[in-house]
There are 2 protein chains.
Amino acid sequence: MQDVARLANVSIATVSFTVNNSKPVSPATRARVEAAMQELGFRRNAVGRALASKRTHILALLYPALQHRFRGTVVDFFTSAASTASERGYNLVLWPASNDSELDELTSTGLVDGVLLMEVQVDDPRVEQLTASRTPFALIGRTGDPSALDYVDIDFENTVAAAIEHLAQLGHTSIGLLDGGVGRGALRGYAPVVRTRESFAQEMAARGLTAFSFTCDENPAAGREAAATLMNEAPGMTALLLMNEHAGPGLVTGLHRLGMSVPADLSILSLASSREMAAMTDPDLSVLSAPSIELGRRGVELLIDQLDGGNQHERQSLVMCAFEPGNSTAPPRRAPPSE
Amino acid sequence: MQDVARLANVSIATVSFTVNNSKPVSPATRARVEAAMQELGFRRNAVGRALASKRTHILALLYPALQHRFRGTVVDFFTSAASTASERGYNLVLWPASNDSELDELTSTGLVDGVLLMEVQVDDPRVEQLTASRTPFALIGRTGDPSALDYVDIDFENTVAAAIEHLAQLGHTSIGLLDGGVGRGALRGYAPVVRTRESFAQEMAARGLTAFSFTCDENPAAGREAAATLMNEAPGMTALLLMNEHAGPGLVTGLHRLGMSVPADLSILSLASSREMAAMTDPDLSVLSAPSIELGRRGVELLIDQLDGGNQHERQSLVMCAFEPGNSTAPPRRAPPSE
DNA sequence: CTGAAAGCGCTTACAG
DNA sequence: CTGAAAGCGCTTACAG
């Protein structure tokens with residue numbers, strides 16, 4: 001910048017003004033400055049700017065990628081968040097922090113302007129840590145009591161209700177839930193599964209339907225094993241809500257191997273997943289697909305609202321999953337006894 | 001730091017020395033400084049440090065996530081690279097830069113110490129850009145002529161040869177390759193596919209085997225369509241190399257629907273993928289799995305060698321994929337006519 | 001519209 | 001072993 005100023009015969013302040021459009025500059029000197037920048041191939045140093053302005057224009061999407069594989073539908077959140085950030089003049093990067101000290105390093109050192117939190121737990125220690133460090137942040141997800149927080153999340157409650165409604169309409173009265181578990185250790189209490197379980201239990205009870213609940217790891221092999229468990233422990237079950245997209249392919253395979261047909265013998269409806277994941281199986285799954293694009297975008301908007309003092313977006317919002325029919329749900333083979 | 005210095009009754013230089021262990025400090029004053037830091041909850045500001053030391057300790061894994069979905073086996077490269085970086089005192093973040101100006105922003109502004117490049121093309125403009133900006137970088141992958149670059153890559157040449165050898169041993173003489181294409185627009189010339197095609201053609205010719213070549217998009221639906229194409233255009237083909245892990249599930253499904261059995265009617269061997277992706281299908285695929293962990297680690301080591309002046313690692317290395325048997329390869333149903 | 005100057009929070013020769 | 005001081009590359013009141 002010094003060099004540019006010298007070459008253009010202005011002060012470095014003026015260079016700064018023209019680079020940032022932060023103060024009016026006469027056309028003539030602007031032209032001189034721009035020519036000089038051209039000639040020197042000048043790029044303003046982001047670190048210097050960050051130190052002086054206390055803004056790095058970097059947002060971090062916090063995802064515990066070392067513990068929890070980054071894959072499947074969650075990837076869409078990142079993509080959407082990154083492109084929204086880019087439109088708004090920020091860079092969003094995926095920050096694979098996991099343990100406390102890494103989060104600490106991120107927040108208390110001024111490297112990023114704000115944080116977007118993913119994989120939120122019901123009782124998430126990172127929320128406290130972020131609050132304490134006064135780092136602006138927003139959640140994609142929500143804790144058990146998120147009333148004081150800025151968040152966007154899937155409306156699991158209504159999504160589960162819609163899922164059960166769909167299956168009940170088809171005539172199912174005995175329905176199971178297969179989820180990926182609520183995690184353990186530092187990642188315990190994974191909120192989406194906690195909420196889905198609760199809503200499932202409530203809604204099934206309210207309708208007087210027979211409910212079953214299963215858990216398996218998030219991979220195809222576990223899904224394959226789960227098929228046998230399902231059939232053994234709930235032989236009368238005719239439909240399943242799947243809250244574990246990575247177990248899906250194995251589950252369907254396992255059912256086939258046991259001589260079960262999908263959807264004739266068991267309807268499957270995948271929750272909070274995506275068409276792409278649903279297309280991994282045969283038949284392809286009917287799915288309530290996660291509003292990833294919208295949540296990624298809204299999360300970034302909330303964060304930038306905090307940063308730029310805007311206040312234009314709903315600070316807390318829930319979005320339903322959208323039903324996308326596949327070929328894995330149908331009426332049960334034997335109609336339920338009509339009273 | 002000012003505050004700490006005042007409270008501990010030392011200069012800020014001394015605080016810096018004890019924080020960084022950059023100069024000897026007497027135990028007594030070290031204790032005073034540390035007590036003061038404790039009391040004030042001091043964390044050294046990373047931006048200030050970066051400006052003074054010209055080091056941010058951030059590495060960027062460059063992946064064009066907005067164009068090319070970040071998923072599947074490539075995710076393992078990131079995870080491995082991130083944990084290696086973390087062990088070595090750096091933060092590695094996923095930087096979804098795609099167009100020139102975004103890359104420019106990354107490199108010419110001093111925000112990151114170095115860059116790890118993924119999804120390398122045969123003629124990759126980013127290499128030139130990185131070189132011109134004097135940003136330290138290493139490749140996970142390699143260009144057409146990488147002789148001057150630091151890189152780690154899969155040894156596609158020998159991996160393809162091993163794959164063909166495996167199938168030839170089983171008795172196959174008519175073998176196809178189904179890849180995901182070499183990309184178009186800014187992402188044209190995707191090096192892994194270019195290399196695989198070349199090696200495939202050479203090795204098949206050298207062995208006097210009958211070769212077929214197919215391309216389809218990287219998703220299950222495209223794989224399903226490809227099944228029909230394969231059967232129509234190469235009815236005599238008995239084995240297939242799959243260089244398109246995301247088409248795999250659809251491909252197998254599509255074959256089944258056409259009444260083809262895997263591996264009895266068609267053997268499939270997946271290249272540069274992973275057991276996890278291979279487990280998505282039924283039967284699970286035999287796979288030459290990508291050495292993701294090792295390449296992610298080595299890529300970061302190369303980069304840190306440049307940064308810290310170390311020189312301890314091979315600057316160019318190729319790693320073979322490891323064969324992991326699944327259930328998708330077998331001798332062809334009809335033995336080939338024995339001359 | 002433009003400039004001189006202070007300051008962002010550190011690191012690092014240089015002296016002692 | 002410790003400190004005073006310059007400097008990293010910018011931004012931003014403050015003056016003019």
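Numbers restart at 1 for each chain; the letters A, B, ... are given by sequence-line order, proteins then strands.
Taking every side-chain heavy atom of N20(B) into account, dT11(C) is the closest of dT2(D), dG3(C), dT11(C). Of the listed nucleotides (dC1(D), dT11(C), dC1(C)), dC1(C) has the atom at the smallest distance from the side chain of P24(A). Listed candidates were dG9(C), dG3(C), dT11(C). Nearest to the side chain of K23(A) is dG3(C). Here the nucleotide nearest the side chain of A13(B), chosen from dC8(C), dA5(D), dG3(C), is dA5(D).
In this structure, CZ of R55(B) is placed 15 Å from P of dG9(D), rounded to the nearest angstrom. Look at CZ on F17(B): it is 10 Å from P on dT2(D), rounded to the nearest Å. Atom CE in M1(A) sits about 12 Å away from atom C1' in dT12(D), given to the nearest Å. To the nearest angstrom, C1' of dT11(D) lies 11 Å from NZ of K54(A). Atom CD in Q2(A) sits about 12 Å away from atom P in dA4(C), given to the nearest Å. Rounded to whole Å, atom P of dC1(C) lies 12 Å from atom CG of N21(A). Here the P atom of nucleotide dT12(C) and the CG atom of L51(B) are 12 Å apart, to the nearest Å.
Counting only Watson-Crick or G-U wobble pairs whose defining distances are both under 3.5 Å, the stems of 3 or more consecutive pairs in DNA chain D are C:1-3 with D:14-16, C:5-12 with D:5-12, C:14-16 with D:1-3.
The nearest heavy atom of DNA chain D to A52(A) and to P27(B) marks one nucleotide each, and the one closer to the 5' end goes with P27(B). A residue-by-residue look at I12(A) and R30(A) shows that R30(A) has its nearest nucleotide of DNA chain C further toward the 5' end. Checking S53(B) against S11(B), the closest nucleotide of DNA chain D that is more toward the 5' end is the one next to S11(B).
Classification of the H68(B)-Y63(B) ring pair by plane angle, with boundaries at 30° and 60°, yields tilted.
Note on T14(B): a side-chain N or O is less than 4.0 Å away from OP1 or OP2 of dG3(D).
Proximity of a side-chain donor or acceptor of S80(B) to a complementary backbone N or O of F77(B) within less than 3.5 Å is not detected.
For the residue pair T14(B) / S11(B), a side-chain donor-acceptor distance below 3.5 Å is found, with atom types taken as modelled. Side chain to side chain, T109(A) and N45(B) fail the donor-acceptor criterion of an N or O pair below 3.5 Å. Remark: the Y90(A) side chain and the R55(A) side chain contain an N/O donor-acceptor pair separated by less than 3.5 Å. Side chain to side chain, T143(A) and D124(A) fail the donor-acceptor criterion of an N or O pair below 3.5 Å. Of the N and O atoms on the side chains of T18(A) and E34(A), not one donor lies less than 3.5 Å from an acceptor on the other residue. For the 3.5 Å distance criterion, the side chains of Q316(A) and D150(A) fail to qualify, holding no donor opposite an acceptor. For the residue pair T79(A) / R69(B), no side-chain donor-acceptor distance below 3.5 Å is found, with atom types taken as modelled.
Sorted by residue number, the list of members of residues 36-47 of chain B with any non-hydrogen atom under 4.0 Å from DNA chain D is empty.
The line from CZ of R142(A) to OG of S317(A) is 10.0 Å long, rounded to the nearest 0.5 Å.
Contact annotation for T29(A): backbone-only contact, meaning every heavy-atom pair under 4.0 Å involves sugar-phosphate atoms and none involves a base. Residue-level contact check: S16(A) touches the bases, meaning some heavy atom is under 4.0 Å from a base atom.
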